[in-house]
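Owing to the predicted nature of the structure, the values given are computational and were not obtained by experimental measurement. In what follows, chains are A, B, ... by sequence order, proteins preceding strands, each numbered from 1. We use all heavy atoms of the structure for the numbers below, so side chains are in, but hydrogens, waters and symmetry mates are not.
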Number of protein chains: 2
Amino acid sequence: MEKLSYTEENYLKAIFKICEKSNKSASTNAIAKRMATSAASVTDMLQRLAGKLLINYEKYKGVTLTVLGGKIATNLVRKHRLWEVFLVEKLEFSWGAVHDIAEELEHIKSEELVERLDQFLGQPKFDPHGDPIPDVDGNFAFRKKNLLSELKKGEKGIVVGVQEHTASFLDYLDQLNLSLGVEIEVIDFFEYDESIKILLNQKETILSQKVSQNLFVQKG
Amino acid sequence: MEKLSYTEENYLKAIFKICEKSNKSASTNAIAKRMATSAASVTDMLQRLAGKLLINYEKYKGVTLTVLGGKIATNLVRKHRLWEVFLVEKLEFSWGAVHDIAEELEHIKSEELVERLDQFLGQPKFDPHGDPIPDVDGNFAFRKKNLLSELKKGEKGIVVGVQEHTASFLDYLDQLNLSLGVEIEVIDFFEYDESIKILLNQKETILSQKVSQNLFVQKG
DNA sequence: AATTATTTTTAGATTAGTCTAAAAATAATT
DNA sequence: AATTATTTTTAGACTAATCTAAAAATAATT
Ligand SMILES: [Mn+2]
Ligand SMILES: [Mn+2]
Ligand SMILES: [Mn+2]
Ligand SMILES: [Mn+2]
């Protein structure tokens with residue numbers, strides 16, 4: 001397993017994420033969009049990755065990861081999320097500021113580093129955005145969750161994740177004092193603009209549909 | 001100040017170290033040796049770095065860093081050494097294992113990351129090998145030190161650094177229970193092979209000339 | 001001072017990753 | 001089924017970083 005370039009790793013992760021979300025193969029265009037590059041460049045790289053047996057590639061058919069490719073991609077996700085925990089828990093970064101830095105840190109090549117970091121952080125199972133951190137064997141912890149927008153009037157839930165990861169969304173949540181772990185109760189639902197009134201930290205707050213559709217809660 | 005490539009940064013650091021050690025300009029060959037590359041490649045890069053005003057380059061004359069180039073190089077040294085402290089102090093790596101990893105980590109681009117890391121580590125002034133960590137403004141702490149080989153019979157010193165940074169040397173020191181901070185007393189000197197007998201942790205030990213010439217101590 | 005040795009630069013190629021424009025294949029519409 | 005639109009691939013070109021081999025400049029030696 002000759003070591004991969006920064007770029008090859010990013011392609012693998014992109015393919016992993018696209019397939020994960022859509023549950024089917026990743027198209028050239030979808031990859032191009034995610035990587036912010038041209039379709040021509042993607043085709044080029046796909047042929048290279050196929051040559052290294054990291055993806056299953058057939059002209060015009062879209063691609064999937066091989067077992068090996070999947071392992072590498074999962075390990076990248078592991079590293080990314082562990083570094084995000086480090087940045088938030090230890091260096092006290094806000095959860096909106098860590099993604100870009102972790103995007104670089106995930107490429108540092110040292111198995112021992114990852115395992116020691118994992119120990120140092122207490123083997124966390126979820127990252128600062130509520131996303132699961134795969135273990136060394138690539139297994140993701142699963143937990144049932146719903147979009148806040150799916151809750152009915154009177155139902156309660158604990159915030160366990162976000163759908164959107166942009167800094168602007170996360171910063172906005174900070175403004176609302178809305179962080180992982182807090183309890184939310186849906187008090188009212190307004191048909192007009194699909195906004196909702198919630199009880200949060202003993203205070204009533206209105207959330208737009210856009211917000212409630214990007215927040216994950218655990219019902220109960 | 002457009003951002004530099006990983007490679008450009010490594011060249012700047014190499015030039016910095018060569019000039020620091022020799023107190024004069026860095027020759028093409030010296031750089032080539034340190035970067036383990038060809039002289040032709042070096043010339044190529046020197047012309048590029050000169051174009052970015054990071055080095056003073058005149059054909060056949062060797063190079064020095066400009067003020068800007070020096071700042072960047074110093075900042076890289078700062079990052080490298082801070083990361084080494086993190087790896088040893090927090091992740092419990094041995095001091096022989098951290099250099100290669102720090103060599104990658106030093107390139108992570110985020111000023112805020114470095115400053116938060118510095119705070120997290122308690123603003124250390126020296127790295128795990130006893131080398132000074134420059135502050136944000138590029139100032140290095142200075143402390144007087146001598147090679148152990150320069151001490152005379154009967155003199156004492158505290159180990160404060162190493163001249164050689166190879167893993168094999170550092171691992172060997174670990175074997176000898178010889179780490180930064182310990183006190184050494186020179187008990188005897190043997191002309192024959194220039195080895196010395198020392199008192200270390202209440203035990204007498206023989207050190208070869210090679211070892212005593214690569215250990216820094218603070219006399220007294 | 002002339003010759004030889006060393007260092008440095010130039011010239012020309014190569015590879016990874018990218019681009020635009022054109023060609024080919026597939027999908028959607030009439 | 002034929003035409004049109006979209007997606008994907010190919011072709012050709014560019015930049016950063018590297019190489020080897022040859023040329024040029026500098027340093028060392030006779
Ligand atoms: Mn992220
Ligand atoms: Mn995350
Ligand atoms: Mn080091
Ligand atoms: Mn060091």
Participant: Using atom names, set out every protein N or O paired with an N or O of nucleotides 23-28 of chain D below 3.5 Å, distance rounded to 0.1 Å.
Facilitator:
from, atom 1, to, atom 2, distance (Å)
D:dA25, O4', B:Tyr60, OH, 3.2

Participant: For DNA chain D, which consecutive runs of 3 or more Watson-Crick or G-U pairs (each distance under 3.5 Å) count as stems?
Facilitator: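 Stem list for DNA chain D: C:1-30 with D:1-30.
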Participant: When you measure from the side-chain N and O atoms of A:Tyr57 to the phosphate of D:dT8, is any distance below 4.0 Å, counting only OP1 and OP2?
Facilitator: no
Participant: Go through the structure and list residues passing ring pair (Phe, Tyr, Trp, His ring centres under 6.0 Å) with B:Tyr6, not counting sequence neighbours.
Facilitator: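 So B:Tyr6 forms a ring pair (Phe, Tyr, Trp, His ring centres under 6.0 Å) with B:His107.
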Participant: What is the distance from CD1 of B:Ile31 to P of C:dT7, rounded to the nearest Å?
Facilitator: 14 Å
Participant: Please determine whether a side-chain nitrogen of the Lys or Arg among A:Lys210 and A:Glu164 lies less than 4.0 Å from a carboxylate oxygen of the Asp or Glu.
Facilitator: no
Participant: Taking atom C1' of D:dT8 as reference, at what distance in whole Å does atom CD of A:Glu58 sit?
Facilitator: 14 Å
Participant: Is there a donor-acceptor contact under 3.5 Å linking the side chains of B:Glu112 and B:Ser110?
Facilitator: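 No donor-acceptor contact under 3.5 Å links the two side chains.
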Participant: In whole Å, I'd like the distance from the CG atom of A:Asp44 to the C1' atom of D:dT10.
Facilitator: 10 Å
Participant: Can you give each donor-acceptor pair under 3.5 Å made by side-chain atoms of residues 169-176 of chain B, sequence neighbours left out, with the distance rounded to 0.1 Å?
Facilitator:
from, atom 1, to, atom 2, distance (Å)
B:Asp174, OD1, B:Trp95, NE1, 3.1
B:Asp174, OD2, B:Trp95, NE1, 3.4

Participant: Do any of residues 9-23 of chain B sit with a heavy atom less than 4.0 Å from DNA chain D, and if so which?
Facilitator: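 B:Tyr11, in order of number.
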Participant: Show me the donor-acceptor pairs, under 3.5 Å and distance only, between side chains in residues 136-147 of chain B and residues at least two apart or in other chains.
Facilitator:
from, atom 1, to, atom 2, distance (Å)
B:Arg143, NH2, B:Gly130, O, 3.4
B:Arg143, NH2, B:Val160, O, 3.1
B:Asn146, ND2, B:Glu150, OE1, 3.1

Participant: Which residues pass the ring pair (Phe, Tyr, Trp, His ring centres under 6.0 Å) test with B:Tyr11, sequence neighbours left out?
Facilitator: none
Participant: Check B:Lys13 with B:Glu9, please: is the shortest side-chain N to carboxylate O separation under 4.0 Å?
Facilitator: no
Participant: Answer yes or no: is there a side-chain heavy-atom contact under 4.5 Å between B:Leu105 and A:Leu105?
Facilitator: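 Sidechains of A:Leu105 and B:Leu105: in contact.
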Participant: B:Asn29 has a side chain; which of C:dT8, C:dT10, C:dT18 sits nearest to it?
Facilitator: C:dT8
Participant: Specify the separation, in whole Å, of atom CG of A:Leu46 and atom C1' of D:dT8.
Facilitator: 10 Å
Participant: Looking at residues at least two apart in the chain, or sitting in another chain, which of them share a side chain to side chain donor-acceptor pair (under 3.5 Å) with B:Gln47?
Facilitator: none
Participant: May I ask you to say whether A:Arg81 pairs ionically with A:Glu106, meaning some side-chain N is under 4.0 Å from a carboxylate O?
Facilitator: no
Participant: side-chain hydrogen bond (donor to acceptor under 3.5 Å, both in side chains): which pairs involve residues 18-32 of chain B, sequence neighbours left out?
Facilitator: none
Participant: Just jot down the side chain to side chain donor-acceptor pair (under 3.5 Å) partners of B:Ser212, sequence neighbours excluded, or say none.
Facilitator: none
Participant: When you measure from every atom of DNA chain D, which of residues 33-43 of chain A have a heavy atom less than 4.0 Å away?
Facilitator: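 By residue number: A:Ala39, A:Ala40, A:Thr43.
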Participant: Measure from CD on B:Gln47 to P on D:dT15 and round the result to the nearest Å.
Facilitator: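 Going from B:Gln47 (CD) to D:dT15 (P), I get 16 Å.
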Participant: Can you pull out every side-chain hydrogen bond (donor to acceptor under 3.5 Å, both in side chains) where at least one residue sits in residues 65-79 of chain B? Sequence neighbours excluded, please.
Facilitator: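 Found B:Arg78-B:Glu115, B:Arg78-B:Asp118.
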